[in-house]
Novice: 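The structure that follows is given in the form of structure tokens.
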There are 2 protein chains.
Amino acid sequence: MLQTPSRLFPDMSSRSVCTLRAALRLFNEKGYFSTSVHEIVAEAGVSVGFAYHHFSDKKGMAQALFGHLLAGMGDLLDAIEHEYETAQDRCSAVIRMLFDLTENEPDAMGFIIHARHREFLPAEKSICSTDAFVRMRRFVAEGIERGEIEPMDGVVAGAMVYGSAIRMVCLRLDGLVPEPLHTYFDSLWQRTWASVQAGQSARVG
Amino acid sequence: MLQTPSRLFPDMSSRSVCTLRAALRLFNEKGYFSTSVHEIVAEAGVSVGFAYHHFSDKKGMAQALFGHLLAGMGDLLDAIEHEYETAQDRCSAVIRMLFDLTENEPDAMGFIIHARHREFLPAEKSICSTDAFVRMRRFVAEGIERGEIEPMDGVVAGAMVYGSAIRMVCLRLDGLVPEPLHTYFDSLWQRTWASVQAGQSARVG
DNA sequence: GTCTATATACTGATAGAC
DNA sequence: GTCTATCAGTATATAGAC
């Protein structure tokens, strides 16, 4: 029950939020199926009855968590869309946001990025089809429309812009990256943007 | 029991190989925990007794599968290392190999790429620490040493070279990429290589 | 609304015949 | 070596008291 508030879980006085956060930590540490509801309620400091009164079932907890985290990402994307105009600024802000989240809320990032939700939330769409990820790709598509980014297939453009950053996130979550991600941001983003920017293509043979 | 042979499972006359392949398909479709051994043996056309005689337990099946697939990737990397000399050729061959595997053995690729092995194989190292992935990154590191690739942090270099390709693989496995991956290879690799190649950096502002 | 104690269902693993 | 039938452990979900 002793949990500190954070950007994604500001209201830690609510016991259902505590329950969700306990579930998040345990899901990330041991996985959804290896975590029993008894462990979740023990870590959250609530009773089984409380949990089942507030959530339909264990799957319902995962669903609530999934929705909560994606809504949080949606808010962050709103802020980015509002603050920046160009694809270059927006995409780089998205990557900084992902890096920031990875450092400050690794459990949340882990749950979003590599939980195989289809295993326990078969009804849910794949994470990549999610509103948040679609919006991230739209930033890229708009960059192509406006001539900021070289014309190319949308799928390739999305992978070029976000692929290496997402790779860094995964490696960092797996403990294979020694320094905080922002250490690598400049080097990564400069090369990434140069590789898609209109009029800069260094065509080779 | 009616399964066709493939590059990774050439000997489909062996019933243990059939069992592994049935497990692979089901693990990929529904996840490790949502798949019971009864389902596996039913799909493979063998009995429970057979399975437990040949594998220590359910976890043992997953371990055998993991080892089998990684050994297969190791062989493919051997071939690449033997056939090509430069980092450029080797890395591009690796990506073509990943694309090829994704198209021809999507279950195997899915199991390798996004199964959270730590959930059911806690002893196993994370997929990214695996020999195969370490060798992939070594191709990049050697490219830096030889001056083929611009000097930069090894982690960044690895993410730049393989990140967008792995992203395409994930999106393709999730059904979000309409065409076979080789369709996108040229466009992707040309930009990717240009973004790390020594002496080609289009430094911006 | 919240709790404890309980039941039901399932699944991984084994025992023992052949 | 291979099979079938069975066991034992566990975890989700509920029932009913407060």
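Throughout, protein chains are lettered first and strands after them, A, B, ... in sequence-line order, and every chain is numbered starting at 1.
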Novice: Are the side chains of E142(B) and R90(B) in contact, using a 4.5 Å heavy-atom criterion?
Specialist: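 Yes. Closest side-chain heavy atoms under 4.5 Å.
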
Novice: Backbone N or O of L181(A) within a donor-acceptor pair of the E103(A) side chain at under 3.5 Å?
Specialist: yes

Novice: So which of F111(B), F120(B), F66(B) actually passes ring pair (Phe, Tyr, Trp, His ring centres under 6.0 Å) with Y32(B)?
Specialist: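 Going through F111(B), F120(B), F66(B) one by one, the ring pair (Phe, Tyr, Trp, His ring centres under 6.0 Å) with Y32(B) is satisfied by F120(B) alone.
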
Novice: So D107(A) and R21(A), salt bridge (Lys or Arg N to Asp or Glu O under 4.0 Å) or not? Walk me through it.
Specialist: CA-CA 9 Å; D107(A) 287 339; R21(A) 202 168 182 192; over 6 Å; no

Novice: Quick check for you: to the nearest 0.5 Å, what is the distance between T102(A) atom OG1 and L171(A) atom CG?
Specialist: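 Atom-to-atom, T102(A):OG1 and L171(A):CG are 11.0 Å apart.
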
Novice: For L188(A), is there any backbone N or O sitting under 3.5 Å from a side-chain donor or acceptor partner on T192(A)?
Specialist: yes

Novice: In the structure I gave you, are the side-chain heavy atoms of L101(A) and M73(A) within less than 4.5 Å of one another anywhere?
Specialist: yes

Novice: Name all stems that contain residues of DNA chain C, defined as runs of 3 or more consecutive Watson-Crick or G-U wobble pairs, both distances under 3.5 Å.
Specialist: C:1-18 with D:1-18

Novice: Scan nucleotides 16-18 of chain D against the protein and return all N/O pairs shorter than 3.5 Å with their distances rounded to 0.1 Å.
Specialist:
none

Novice: Please tabulate, for side-chain N and O atoms in residues 153-162 of chain A, each donor-acceptor pair with protein atoms closer than 3.5 Å (sequence neighbours left out).
Specialist:
residue	atom	partner	partner atom	Å
D153(A)	OD1	V155(A)	N	2.8
Y162(A)	OH	M136(A)	O	2.7

Novice: List the residues meeting ring pair (Phe, Tyr, Trp, His ring centres under 6.0 Å) with F99(A), not counting sequence neighbours, and say none if there are none.
Specialist: none

Novice: Please give me every residue in residues 26-37 of chain A whose heavy atoms get under 4.0 Å of an atom in DNA chain D, ordered by residue number.
Specialist: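 Per residue number, the list reads T35(A), S36(A), V37(A).
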
Novice: For H38(B) and dT6(D), what is the distance between atoms NE2 and P respectively, to the nearest whole Å?
Specialist: 13 Å

Novice: Examine dG1(D): is either OP1 or OP2 under 4.0 Å from a nitrogen or oxygen in the side chain of R15(B)? Give yes or no.
Specialist: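 Answer no for this pair, as no side-chain N or O of R15(B) is under 4.0 Å from OP1 or OP2.
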
Novice: I want to verify a distance call: between dT14(D), dC3(C), dT4(D), whose nearest atom is closest to the V48(A) side chain?
Specialist: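 The answer is dT14(D), which lies nearest to the side chain.
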
Novice: In residues 49-64 of chain B, what residues come within less than 4.0 Å of DNA chain D, judged by heavy atoms?
Specialist: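 Contacts with DNA chain D under 4.0 Å: G49(B), F50(B), H53(B), H54(B).
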
Novice: Are D78(A) and R135(A) close enough for a salt bridge, meaning some N to O gap below 4.0 Å?
Specialist: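 The answer is yes: the pair qualifies as a salt bridge.
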
Novice: For T130(A) and A132(A), indicate whether the former's side chain and the latter's backbone hold a donor-acceptor pair under 3.5 Å.
Specialist: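 Not at all, since once roles are kept as given, no pair shorter than 3.5 Å links the two residues.
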
Novice: Check whether any side-chain heavy atom of M97(B) sits under 4.5 Å from a side-chain heavy atom of L77(B), and report yes or no.
Specialist: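 Of all side-chain heavy-atom pairs linking L77(B) with M97(B), at least one is under 4.5 Å.
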
Novice: Taking 4.0 angstrom as the limit, do E119(A) and K30(B) come out as a salt bridge?
Specialist: no

